[in-house]
Student: 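One structure follows; several queries about it will come next.
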Amino acid sequence: MQPSMISAERRTRRGNLRLLAASLLSFLLLAAGLHSTPVLAHAMLVKAEPARRAQLTQVPAQVRLFFNEEVEKDYAALSVLDSSKAPVTETKPHVDASDPKAIVLPLPELNPGKYTVKFRVLSVDGHVVDSSYDFTIKNKAAAQ
């Protein structure tokens, strides 16, 4: 073989090897990306009844909080505080039997005023979520 043909053949092999290596690396990165799992996922509040900053004319029968993942039932804490920061009930919250992503706290009859919902849950991934929000019950006469 002539020297120019040998170097052309080597360049072709090197190009093929580079293309193969780049293809393999791309495949591995794609496979790793498709197989990864979220590391920092926590239970996040996705819905609340009554809602944050709700202005209600009817007294709610319960507070129901919905999360994006299951919460540990033995570590779920939920309380409703009146304007003087006193709990409105001694009843313990429970995880909804039909939806392990929801916790429920039955409420007594409440007077008009501002209330704070405080919750602390342990998500199944081991992270604690601790937060609060307010809602208001308006006087029925003032609401009309």
Student: Going only through I, L, V, M, F, W and Y residues with side-chain contacts under 4.5 Å, is there a path from F66 to V63?
Tutor: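 Cluster IDs for F66 and V63 differ.
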Student: Mind checking the OG-CZ spacing from S79 to R120? Nearest 0.5 Å is all I need.
Tutor: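 Interatomic distance, S79 OG to R120 CZ, rounded to 0.5 Å: 12.0 Å.
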Student: If two hydrophobic side chains count as joined below 4.5 Å and joins carry through other members, does L107 share a cluster with V104?
Tutor: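 No; tracing contacts between hydrophobic side chains, which count when under 4.5 Å, never links both residues.
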Student: By the definition side-chain contact (heavy atoms from CB on, under 4.5 Å), identify the one residue from L56, V88, D82 that meets it with L110.
Tutor: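 Checked L56, V88, D82 against L110; only one passes side-chain contact (heavy atoms from CB on, under 4.5 Å): V88.
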Student: Taking all non-hydrogen atoms of both residues, which atom of S123 and which atom of E69 are closest, and how far apart?
Tutor: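 That closest heavy-atom pairing would be CB-OE2, 2.9 Å.
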Student: To the closest 0.5 Å, what do you measure between CD1 (I137) and CD (E109)?
Tutor: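 Those atoms lie 8.0 Å apart.
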Student: Which atom pair, heavy atoms only, marks the closest approach of S132 to K118?
Tutor: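 Here S132 and K118 meet closest at CB-CG, 3.8 Å.
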Student: State plainly whether one hydrophobic cluster holds both L65 and V59, where clusters connect Ile, Leu, Val, Met, Phe, Trp and Tyr through side-chain heavy atoms under 4.5 angstrom apart.
Tutor: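 Yes, same cluster.
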Student: Rounded at 0.5 Å granularity, tell me how far CD in Q62 sits from CD in E49.
Tutor: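 These two atoms lie 7.5 Å from each other.
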Student: If you look at every heavy atom in P93 and A76, which pair is closest and at what distance?
Tutor: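 That closest heavy-atom pairing would be CG-O, 3.8 Å.
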Student: With a 4.5 Å cut-off on side-chain heavy-atom distances among I, L, V, M, F, W and Y, is there a chain of contacts connecting L45 to L81?
Tutor: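 Each belongs to a different hydrophobic cluster.
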Student: Is it true that L122 and F67 fall in one hydrophobic cluster, defined by side-chain heavy atoms closer than 4.5 Å?
Tutor: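 No: no chain of side-chain contacts under 4.5 Å links L122 to F67.
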Student: Roughly how far apart are F135 CZ and R53 CZ, rounded to 0.5 Å?
Tutor: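 Result: 14.0 Å between the selected atoms.
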Student: Are the side chains of M44 and V129 in touch, meaning some heavy atoms are under 4.5 Å apart?
Tutor: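 The answer is no, as the side chains (C-beta and beyond) never meet within the 4.5 Å cut-off.
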Student: Find the distance between OG1 (T116) and OH (Y133) and round it off to the nearest 0.5 Å.
Tutor: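 The distance works out to 10.5 Å.
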Student: Are the side chains of F119 and L105 in contact, using a 4.5 Å heavy-atom criterion?
Tutor: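 No, their side chains stay 4.5 Å or more apart.
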Student: Can you measure from NZ (K114) to OG1 (T136) and round to the nearest 0.5 angstrom?
Tutor: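 Rounded to the nearest 0.5 Å, the NZ-OG1 separation comes to 6.0 Å.
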Student: What's the shortest heavy-atom distance between P108 and T89, and which atoms?
Tutor: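 Smallest heavy-atom distance, with atoms named: CD-CB, 3.9 Å.
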